[in-house]
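Scroll down for the structure; my scribbles are underneath it.
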Amino acid sequence: MRMFTLLIPALVFSSFSLAQAPASVTGDHIHSKGSWMFGYRYMFMDMDGHKTPNIRKVHDGHDHGEMHQEDPHEEIDHSKPHKHTMTMQMHMLEAMYGVTDDLTLMAMTNFLQNTMDHGAGFKTRNEGLGDTSLSALYRLYGDCHQESLIGGLGISFPTGDITQSDNYHSGKSHHPYHMALGSGTFDLLPSLTYTQNDESIFWGVQGTGAIRLDDNTEGYKFGDKYVAQSWIGVPLAKGVSVTGRIAGTFQGDVRGRDRTISATGAMWDPKQQESSVLEAGLGAQFGVSKGLRLGVELTAPLAEDIDYGVHERKWGVTLGLLGTL
Ligand SMILES: [Cu+2]
């Protein structure tokens with residue numbers, strides 16, 4: 001509430017266009033020649049346990065979230081239902097620069113904190129620098145105000161360390177795949193975004209991919225990842241808008257395997273990492289001052305089709321502070 005009263009005077013003087021994608025979306029716009037944008041985004045995701053064949057059999061379709069936490073030592077015994085929960089926090093920095101009115105370069109890097117709770121207060125944590133990407137965004141069509149079609153092509157560099165030891169297996173093993181800080185591979189990042197904007201409504205649709213170009217140093221590669229999403233937004237007042245978003249994400253299985261990770265359960269099994277998730281996002285954006293925008297978005301899954309090695313998603317939040325020069 002106090003934040004609102006602080007924002008109101010700023011909003012009155014704001015002339016920054018808020019017809020922009022939700023805080024969790026990147027690569028949806030370009031910048032005019034010679035102009036810069038800098039951004040910081042914080043993402044938090046809360047994840048539930050894995051579904052397991054055992055839990056399914058015992059509970060026969062009932063909510064898996066009801067399972068009790070158990071001693072980490074019991075976890076190895078897969079005849080018993082168990083639960084590992086996980087949180088992911090990401091601090092992302094980005095910079096965009098308009099090389100021409102049609103071509104914008106975008107650089108992004110992030111710092112990750114992944115924490116897995118194995119039950120009974122036993123936690124493993126992996127944190128550090130994630131992967132870094134450099135992308136080119138090109139205006140294929142449109143005026144970038146009322147309508148635009150933007151194609152993007154980027155490369156993700158493996159700056160995230162994939163050799164951090166896990167204290168779960170006496171430090172001899174690397175963290176399981178979904179706890180890794182990066183892919184370990186050079187990834188191709190294609191994207192295509194179409195947006196429309198008029199006085200009373202704005203919307204966009206975007207497809208993005210992460211295609212692994214080689215095997216990493218540990219002898220595996222993550223499955224390719226594809227996201228298809230669409231959002232719609234309404235300006236409520238000058239400097240304030242709300243958005244709704246729906247996104248489908250597919251992530252393939254790991255190919256090959258990390259030799260330090262023995263498949264003592266689905267979580268460590270490279271062939272149990274595939275997921276398809278449909279999620280919804282509800283967001284709001286505030287013009288803080290001319291050229292500075294604060295966005296927030298809450299996300300929750302609508303439907304999931306996930307392998308036994310994948311955590312079920314619970315909810316997430318993204319905060320974004322983006323400023324143009
Ligand atoms: Cu930008």
Side-chain angles (χ1 to χ4, degrees), residues 10-11 14-43 90-111 130-157 189-198 202-210 227 229-233 235 238-243 245 247 281 283-297 318-325:
L11 298 179
S14 168
S15 62
F16 190 62
S17 168
L18 287 165
Q20 303 257 0
S24 58
V25 176
T26 59
D28 63 298
H29 64 269
I30 57 172
H31 291 274
S32 55
K33 184 179 178 182
S35 70
W36 286 90
M37 186 189 89
F38 294 96
Y40 164 77
R41 299 182 208 231
Y42 169 78
M43 276 166 244
M90 182 190 273
H91 303 270
M92 197 174 91
L93 290 173
E94 67 190 272
M96 294 175 84
Y97 177 72
V99 179
T100 70
D101 283 343
D102 292 323
L103 177 69
T104 285
L105 292 181
M106 175 169 69
M108 291 194 285
T109 193
N110 63 78
F111 183 88
D131 288 341
T132 301
S133 69
L134 190 61
S135 304
L137 298 167
Y138 191 78
R139 181 209 326 222
L140 298 169
Y141 176 77
D143 60 3
C144 283
H145 294 290
Q146 290 187 316
E147 185 182 31
S148 63
L149 178 66
I150 292 164
L153 195 59
I155 294 280
S156 173
F157 301 91
L189 307 174
S191 71
L192 191 64
T193 311
Y194 178 78
T195 58
Q196 261 204 27
N197 173 30
D198 65 43
F202 57 94
W203 62 272
V205 53
Q206 182 184 63
T208 57
V227 180
Q229 59 184 339
S230 182
W231 61 91
I232 188 163
K238 194 166 170 62
V240 185
S241 66
V242 289
T243 54
R245 184 176 65 93
Q285 295 177 89
F286 309 93
V288 178
S289 66
K290 187 168 164 36
L292 190 64
R293 164 164 72 101
L294 177 72
V296 57
E297 189 188 37
T318 302
L319 292 169
L321 194 61
L322 306 176
T324 49
L325 292 181

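Just follow the structure's listing: the first ligand is 1, and inside any ligand the first atom is 1. Predicted model, so just to flag it, every value in this text is computed and none were measured.
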| Test applied, side-chain contact (heavy atoms from CB on, under 4.5 Å); reference residue, Arg41; option that passes from Leu321, Asn110, Leu322 |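 That would be Leu322; it is the only one of Leu321, Asn110, Leu322 passing the side-chain contact (heavy atoms from CB on, under 4.5 Å) with Arg41.
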| field | Residues that Asp101 engages under salt bridge (charged side-chain N to carboxylate O under 4.0 Å, His left out), provided they are two or more places apart | value |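 Result, salt bridge (charged side-chain N to carboxylate O under 4.0 Å, His left out) vs Asp101: none returned.
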| query | If you count the non-hydrogen atoms of other residues, nucleotides and ligands that lie under 6.0 Å from OH in Tyr141, is the total more than 12? | reply |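 Not more than 12 within 6.0 Å, no.
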| Worked verdict on Tyr194 versus Glu147 for side-chain hydrogen bond (donor to acceptor under 3.5 Å, both in side chains) | CA-CA 8 Å; Tyr194 178 78; Glu147 185 182 31; 2.4 Å; yes
| Nearby protein N/O/S atoms (those under 2.8 Å) for the Cu ion (ligand 1), with water ignored |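 Listed by chain and number: His29 NE2, His31 NE2, Met37 SD, Met96 SD.
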| said: Between Thr109 and Thr132, is there a side-chain donor-acceptor contact under 3.5 Å, judged purely by atom types and distance? | reply: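 A donor-acceptor contact under 3.5 Å links the two side chains.
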| task | Calculate, to the nearest 0.5 Å, the distance between atoms OH and CZ belonging to Tyr97 and Phe38 respectively. | result |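 Atom-to-atom, Tyr97:OH and Phe38:CZ are 10.5 Å apart.
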